Amino acid sequence: MNVIIVQPPVVQLNTVYPSGAFLSGFFKRHGHSASWFDMNIRLMERIFSRKGLEQIFASSESRALKMAEKARRSKDFDTAENLERYVLQKDLWCNSIDMIMSVLRGDTEQAHKLAFSPHTPRGLRMERYMAGCRDFGADNARMLATYALADFADYISYVVDPNFSLVRYAESIAISENSFDQIEKSLDSSILTDFYSPLLTELFGPGTETAAKIEKQYAEGKKTLVCISVPFAGTFTPALFSARFFKKTYGTKVFVSIGGGFINTELRDVTDAAISEYADALSYDRGYGSYKALFESGLLDADAGEQLEPLYKLRIFQGKKILPQLENHKELEEFENTETSLVIPDYSDIDFSLYPRAADSTNPMQRLWSDGAWIKAYLAHGCYWHKCSFCDVTLDYVKAYRMTQVSELFDGLYAQCRAHNVYGIHFVDEAMPPQAMKTFAEKNMAAGSPVSFWGNIRFEKVYSRDLADFLAKGGLIGVSGGIEIATGSGLDKISKGTDLDSIVNACCAFKEAGILVHAYMIYGYFGESDQDIINSMETLRQFFEAGLIDSCFWHKFVLTRHSRLYDEWKKGMHPDLKPVEPKDAGVFAKNGLHFEGEEKSEKFGNGLNLALESWMNGRGIKKPVGEWFDFKVPKPSVPQNLVEKSLARYEQNRDKACSAEADPEKLWWLGGPVVASGGFFLWNYMQETCRARIPSGMNEAQKNQFVLALDNLSPENGKRNPKLFSETMAQLEKNGIKIRPLIQEMRASGLCKP
């Protein structure tokens, strides 16, 4: 079966979204011919090129000057001058755009020209950055090039296409309370019609290799399956545009299925038959079971008739008739769970060298999202906790927790790392399972630690200093996790399943191990008072003051239909919660809900973000939190040493754990080569020279014996033999050597018990 997988724009610039990789891996695993196209990078390349900018200026110059005249008449001189400057610098932009993209792909030779030549363009972001830049280097050039793209994207969205964004196209249209008719109108926007449409024609239109495959398969009695992924609201409009192209070009020769995160959450119960003009089906959740059902249904036969029975997690459109999905099917559920553990995402169709590494922040943790061509995968589908009250716990992507076979996953991902020369992995789990992380790190160390990885976790007490050290040695470079409401009562209210001490412990362990830490926060949760918000903010300030987190993000709480909170409300709980249903029955996306009183917290947004931006850059940490707001707020009622006391408890427990006697066979040596010199064993660990006194009476042979045994605790040789270490310890003790004090001295300095 011929399958085409399309990732429509726009998601992010630096790497590809992983849904296509998982589908590609699944289809190929079952013998189908799958081709995956990331239209995101193809469209960006088309726009941000000399030819693209020339086309944009040719169509917009006159409009930009008229807008400038209008702004000047309104005495908005800054806007007028900025618009005029783009037009006056159009040749500089056209001459420089290829250089700008080259710098973002790692070309450092052009850095100084971009920064210092008077013959390169300048936008407002670029000017602000250069004004604060003292010592210029290659990294500054990528920052400057990133701001250049953002500056020109501003011009496009202001003058050419208001829906355009570097990250997500027309997102506000898809998530607003609009009807499908209103969403359809956005399909005629300039970027889609002038840039994206020709691109689709060149890749998939008549006369192309894709067209030949579609025609050949149809002649053989089968339709071509076209899978279009919509991970976010901001990819929905381009997805519809893509689907319309395939339907208009090939009609019944293709079967168009649209799926992804936005479909799963927002369009689960869609009743607007107008979408049948674009798609033959909506696929929900993982897709493995639904596509198996589709292959077996006969709907992909060239002469397929009407489908009468519902299919597993496929909402079928047949003219104006909608056949709702079958949510439960024992055999297909078992099949899907098995596939989840076995499918390795397949990136063979992706050229990672094309992706620009945007550097939009100097904060090292913030940079991870946009800086680097990460290979994306997950260690487990779903969340092993799936109880947080704000989360979509009733949906498959959260509640259906299924582990992968981690050892096989490492082997598959490492092979792709070597093939693409990309050695960074971003795990997109809801929360990476600690044991799976440990297994992956162990496999990585056995291979010589070639891979770096990061992803989302839950801040739990399981993350001891020992485990953090082990994960760091095994390639973990950063973690992100939800604190949400940083007070004891707040954590309980949202059913977070952890406490403040556990969060502090995890952050301490990660930071001591050299791992970057990012936190997610929520404000405006149902029933949250002004005092709660300020207390949570103060606790967060203390986290920054103690150096426990590197970056953070405040989310404004949104009530969703698939959340635990809403599910409990439907059951008669939370009588004070009063959801507000959309007034317009034609509203298309219906997952997000308003509730009475939600607007009361909106005033906090600006102050929370101002403070956070300063804290992430090491400024204003001592400033009282109330001073970040332009209105009166309550004083924090949490102790000023709340986090400090928790940190002290962590240190006490850490030292106690390191001093406790450990089973020798459960120890791991991460410290590398050990030498004996001047009465000490010496080794380097975490960029420091460590030492432990050699026990009295230990001869040269016994020293060598101990060093060799210690090496057998190392994961890096791939032949870890803790039994040999245990036997060596027993033999040395039998010979009167006091070895256990030496072991304790080496703990937390390379010898760990994860």
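Quick caveat, the model's predicted, so the values are computed rather than measured. For this chain, numbers begin at 1 and follow the sequence in order.
Between the side chains of N444 and S449, no donor-acceptor pair of N or O atoms lies under 3.5 Å. Using a 3.5 Å distance cut-off with no hydrogens or angles, the side chains of S614 and K623 do not pair a donor with an acceptor. N163 and S186 share no donor-acceptor pair across their side chains, judged by distance under 3.5 Å alone.
Ring centroids of F57 and Y155 are separated by less than 6.0 Å, placing the two rings close together. Note: W369 and H518 meet the aromatic proximity criterion, with ring centroids under 6.0 Å apart. Between F245 and Y196, the distance from one ring center to the other does not fall under 6.0 angstrom. A centroid separation of less than 6.0 Å is found between the aromatic rings of Y129 and Y147.
To the nearest 0.5 angstrom, L149 atom CG is 10.5 Å from L144 atom CG. Here the CE atom belonging to M521 is positioned 7.5 Å from the CD1 atom belonging to I549, to the nearest 0.5 angstrom. Here the OH atom belonging to Y86 is positioned 12.0 Å from the CZ atom belonging to R122, to the nearest 0.5 angstrom.
Here the shortest heavy-atom pairing between I457 and F510 reads CD1-CE1, 3.4 Å. Contact between G474 and M445 at its shortest, heavy atoms only, is CA-CG, 3.5 Å. The two residues S361 and Q366 make their nearest non-hydrogen contact at OG-CB, 3.6 Å.
Using a 4.5 Å cut-off on side-chain heavy atoms (C-beta onward), L43 and I47 make contact. Residues K113 and S96 have side chains not in contact (no heavy-atom distance under 4.5 Å, counting atoms from C-beta outward). Contact check for S49 versus D98: side-chain heavy atoms found under the 4.5 Å cut-off. A 4.5 Å side-chain heavy-atom check between F352 and I375 finds at least one atom pair inside the cut-off. Residues Y17 and N40 have side chains not in contact (no heavy-atom distance under 4.5 Å, counting atoms from C-beta outward). Taking the side chain as every heavy atom from C-beta outward, F195 and Q55 approach each other to under 4.5 Å.
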What do the steps show when you test K70 against D76 for salt bridge (charged side-chain N to carboxylate O under 4.0 Å, His left out), and what is the final call? CA-CA 9 Å; K70 183 177 179 181; D76 184 359; over 6 Å; no
Apply side chain to side chain contact (heavy atoms under 4.5 Å, CB included) to residues I97 and F152 and explain how you reach the verdict. CA-CA 10 Å; I97 189 61; F152 200 80; over 6 Å; no
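Salt bridge R619/E613: absent, no basic N to carboxylate O contact under 4.0 Å. Classification of R85 and E81 as a salt-bridged pair fails, no side-chain N sitting under 4.0 Å from a carboxylate O. Taking a cutoff of 4.0 Å between a charged side-chain nitrogen and a carboxylate oxygen, E202 and R42 do not qualify as a salt bridge.
In this structure, R541 is not positioned above the aromatic face of F544 in the sense of NZ or CZ being under 6.0 Å from the six-membered ring centre and within 45° of the axis.
Taking the six-membered ring where tryptophan is involved, the planes of H555 and Y520 are tilted, since the angle between them lies from 30° to 60°.
Of the options D360, D371, D107, a salt bridge (charged side-chain N to carboxylate O under 4.0 Å, His left out) to R142 is made by D371 and by none of the others.
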